[in-house]
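Structure first, commentary second.
Order of the sequence lines fixes the chain letters, A, B, ..., with proteins taken first and strands second; residue numbering starts at 1 for each chain.
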Protein chains: 4
Amino acid sequence: MTPRKPEDFASIRKKSKQSIIKAATKIFAKYGFHNASIVNIAEKANISKGLIYHYFDSKDDLLQSIFSQGFPFFDEILKIDNKDINAIGKIEILLDNFVKSLQDNFEFWKLYQSIVSNPTVSHRLDDFKKYYESVFSPLLFSIFSELYDNKDSVQIQTEVLLFAALMDGVAFDFIIIGEKYPLEAIKKNILKKYKSMQK
Amino acid sequence: MTPRKPEDFASIRKKSKQSIIKAATKIFAKYGFHNASIVNIAEKANISKGLIYHYFDSKDDLLQSIFSQGFPFFDEILKIDNKDINAIGKIEILLDNFVKSLQDNFEFWKLYQSIVSNPTVSHRLDDFKKYYESVFSPLLFSIFSELYDNKDSVQIQTEVLLFAALMDGVAFDFIIIGEKYPLEAIKKNILKKYKSMQK
Amino acid sequence: MTPRKPEDFASIRKKSKQSIIKAATKIFAKYGFHNASIVNIAEKANISKGLIYHYFDSKDDLLQSIFSQGFPFFDEILKIDNKDINAIGKIEILLDNFVKSLQDNFEFWKLYQSIVSNPTVSHRLDDFKKYYESVFSPLLFSIFSELYDNKDSVQIQTEVLLFAALMDGVAFDFIIIGEKYPLEAIKKNILKKYKSMQK
Amino acid sequence: MTPRKPEDFASIRKKSKQSIIKAATKIFAKYGFHNASIVNIAEKANISKGLIYHYFDSKDDLLQSIFSQGFPFFDEILKIDNKDINAIGKIEILLDNFVKSLQDNFEFWKLYQSIVSNPTVSHRLDDFKKYYESVFSPLLFSIFSELYDNKDSVQIQTEVLLFAALMDGVAFDFIIIGEKYPLEAIKKNILKKYKSMQK
DNA sequence: AATGAATGAGGTTTCATTCAT
DNA sequence: AATGAATGAAACCTCATTCAT
């Protein structure tokens, strides 16, 4: 019965928020933002619905918090530790990270997709998308600049968009089709194509 | 003065249904299925909400009717008149048709994307998706079989999935980004890549 | 192509009204007033719903018209041709007529019952009920006055109410239970009871 | 300050549910099931319409709940404490209980009557009617078996139906006519008739 | 921090009624 | 006389949010 110290409260608070975010991600991913009810989420998190409003201002705020917490998922995709590696090597790492993230954070990306396609709610992702743009595009641009060193920047930009479209498309199909989608085979095929282009 | 004839009624029906479907496609695409209200649609179509229920059983039925009417959009993408053309030629036509359809039926495809990503409503697309599978996959399979005639069927299938992912990704990005997305440049780049692989 | 004479129009009009009333009685009896829709009735009568409003002001008016037409059903129950018959004889005829009417005009009485029990619509029956009161009560009063000639008018009135309750109850149960209800056996039993009381 | 305990919630729930059922019984009885709106009921109960849906799944469920709660009303009619009493004594108690219940639970029986006569909703009473059949019929059968010990079972059954019809008819007329209906006088008259038959 | 009772705006749906032809 | 397209009031129901405890 020792009184809790302030940092205990903070940690409890943080833990509670986390468990709500986790439950909400699952429920939003499963039912879609609109069909997921606050009660669903509360049940999944084993708390009362009132408590959700203790931690989040609104259902919208809860959604936004999920994506605020999602930046690390994104960073992991882009993590290339060895800087000395060449362009193809970087693409390989990128693809590896990407496939891994799709599998590990399936629900998060599923939710992301359903939100980004939903015109009314997609502005909730603006920060996330801005961050994505600010980090992902430059990285890809540098990689493809190295890969095709004789091209002009418009052409490089097209290559970047094409690669991005490919990743988005793979993610899209994987999320819709699920486990049966041969992620690994496709990853290898993509890599092979970029390798063959290099020579 | 003379009472309306059955064919008059039929034409009124057809016209009204079409104008509702048109308005609904726009509104659903703009706001998303759940955030679009029947009143929104009625206002867009300049009719009363009651009339919508005169022609469609429910909001769901209206959505389904939109996709039932969407098969032709899909067929147009796959239309390859000249059968004597080679694999690359077919891919080129396919890409041309695809890009054209994305531009011409932007709202339809935007709606399609938001629905397919929406877990709760996506089963409304089952017929559409089945049709897609039954027509699109075989066509791509035959094209890529010709293109890579030394590969086994699993590899061909992977090529098919890759091409499909590429198209889905391009559609995805175009729909999110809009007019600014360089569809034409990307199309040409894709085609160039497949051409270079052929040799 | 001889032009129709005025009386033809009148007769056509009458016939049309009749067929609507007949259909409406069936549909109202089957679904209840509120759950019966004008479209149901129009379909049953093989006409358009608009035409119903040509003949009747409203759904309510249609209901009222059914009961306005129902007086003869009621009169038939009370028809006792031979005036020289004694009280018991009259009761017997009354019961015979009553049972016959329940069977012949089942739907009408079923509708009557559902309306009379429905607080919101029952005032539509006021005329019918008034007529009932004005004709039925005096008749029963005279019969029971004869049957129990030594009783005072309050006692006679109680006998009248009891007999009425018995008939209402039999009708009620018959309508709910349907064909299986042993109307004839019950009729005979009632009659026997009144006969035994006579002595 | 201290949060509410589970038993507090339970008591709030019980109280609220009861007050809704009470209000709903009144409103349904007054306007009929279809003409009674959820808002009417909420106003009568001095709560919001949302709360009704917090406790009941639907308007239909609310109706059914009323009848689920009505079994005790029914049991009270059949309560005959003294088993040593003879058939006539039992009939007397039955009639007393019946008249008392009609007066005490007027609104409930009025609602019952309007529902049982309403073809579309009457199946909501199936449980209630089954219970009625399973309890009421056997009791009456045993009473009339004792009263007319020389009769065969078909005749006894007819007597049972006749008595039931009489009660239904009395209830029917009382509910329609209201306070002015001389329930007591009629009850006495019925009893006298059965007594006179006994000898 | 925690609960769940209570609210009410807003959405879908029904259907009697009107009206142009 | 006849049709059925078109209207809109009114009903049911959902659910994010508030609040007393």
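Projected onto DNA chain E by closest heavy-atom contact, G50(C) and N35(C) fall at different nucleotides, the more 5' of which corresponds to N35(C). For I47(C) and D60(D), each mapped to the nucleotide of DNA chain F holding its nearest heavy atom, the one lying further toward the 5' end belongs to I47(C). Each of F9(B) and D57(D) was matched to the nucleotide of DNA chain F holding its nearest heavy atom; the match closer to the 5' end belongs to F9(B).
Here dT18(F) is the nucleotide among dA5(F), dT18(F), dT12(E) with the atom lying nearest to any side-chain atom of Y53(A). Listed nucleotides dA2(E), dA6(F), dT12(E) differ in distance to S48(A); the shortest reach to its side chain belongs to dA2(E). Each of dT3(E), dG11(E), dC12(F) was ranked by its minimum atom distance to the side chain of K59(D); first place goes to dC12(F). When distances run from any side-chain atom of K49(D) to the nucleotides dG4(E), dA2(E), dT14(F), the shortest one goes to dT14(F). When each of dA16(E), dT12(E), dT13(E) is scored by its nearest atom to the side-chain atoms of S37(C), the top-ranked nucleotide is dA16(E).
Spacing between atom CD of E7(B) and atom P of dA5(F) amounts to 14 Å, rounded to whole angstrom units. Rounding to whole angstrom units, CD of residue E43(B) and C1' of dG8(F) are separated by 13 Å. Following rounding to the nearest Å, N40(D) (CG) and dA10(F) (C1') show an atom-to-atom distance of 12 Å. H34(D) has its NE2 atom 18 Å from the P atom of dA10(F), to the nearest Å. Between I12(B) atom CD1 and dA20(E) atom P there is a gap of 13 Å when expressed in whole angstrom units. One can place CG of L63(D) at 12 Å from P of dC13(F), the figure rounded to the nearest angstrom. Regarding I41(A), its CD1 atom lies at a distance of 12 Å from the C1' atom of dC15(F), rounded to whole Å. Rounded to a whole Å, the OH atom of Y55(C) is 20 Å from the C1' atom of dA16(E).
Side-chain contact between I21(A) and F56(A): present, with at least one pair of heavy atoms (C-beta onward) separated by less than 4.5 Å. At least one side-chain heavy atom of F28(C) sits under 4.5 Å from a side-chain heavy atom of I41(C). Side chains of K59(D) and L63(D) form no contact here, defined as non-hydrogen atoms less than 4.5 Å apart. Between H34(D) and T120(C) there is no side-chain heavy-atom pair separated by less than 4.5 Å.
Contacts of A36(D) with the nucleic acid, taken as non-hydrogen atoms under 4.0 Å apart, involve only primed sugar atoms and P, OP1 or OP2. Residue contacts for A42(C): at a heavy-atom cut-off of 4.0 Å it reaches no nucleic acid atom on any strand shown. Residue contacts shown for L51(A) include a base, since a base heavy atom lies under 4.0 Å away.
Legend: residues meeting side chain to side chain donor-acceptor pair (under 3.5 Å) with D127(A), ordered by chain and number and at least two apart, are absent.
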Notebook entry, point to check: Starting at the 5' end of DNA chain E, what dot-bracket string do you get if Watson-Crick and G-U pairs under 3.5 Å are bracketed, crossing pairs use [ ], other-strand pairs use | and unpaired bases use dots?
Noted result: .||||||||||||||||||||
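Counted within 6.0 Å of NZ on K30(D), heavy atoms from surrounding residues, nucleotides or ligands total 12 or fewer; the atom is thus considered open.
Checking L111(D), I27(D), D60(D) one by one against F33(D), the side-chain contact (heavy atoms from CB on, under 4.5 Å) holds for a single residue, D60(D). Checking each of Q64(C), Q18(C), K22(C), K17(C) against Q69(C) for a side-chain hydrogen bond (donor to acceptor under 3.5 Å, both in side chains) leaves exactly one that passes, namely Q18(C).
Residues of residues 21-33 of chain D that place a heavy atom closer than 4.0 Å to DNA chain F do not occur.
Within the model, atoms CD1 of I20(A) and CG of L62(A) stand 7.5 Å from one another, a figure rounded to the nearest 0.5 Å.
With hydrogens and angles ignored, the 3.5 Å screen pairs no side-chain donor or acceptor of S117(D) with any backbone N or O of S114(D).
Cation-pi check for K129(C) over Y112(C) is not met; the charged atom does not lie both under 6.0 angstrom from the ring centroid and within 45 degrees of its normal.
The side chain of S16(B) contributes an N or O atom lying less than 4.0 Å from OP1 or OP2 of dA6(F). Between H54(B) and the phosphate of dA6(F), there is no side-chain N or O to OP1/OP2 separation shorter than 4.0 Å.
Within 3.5 Å, a donor on the side chain of R4(B) pairs with an acceptor on the base of dA20(E), or the reverse.
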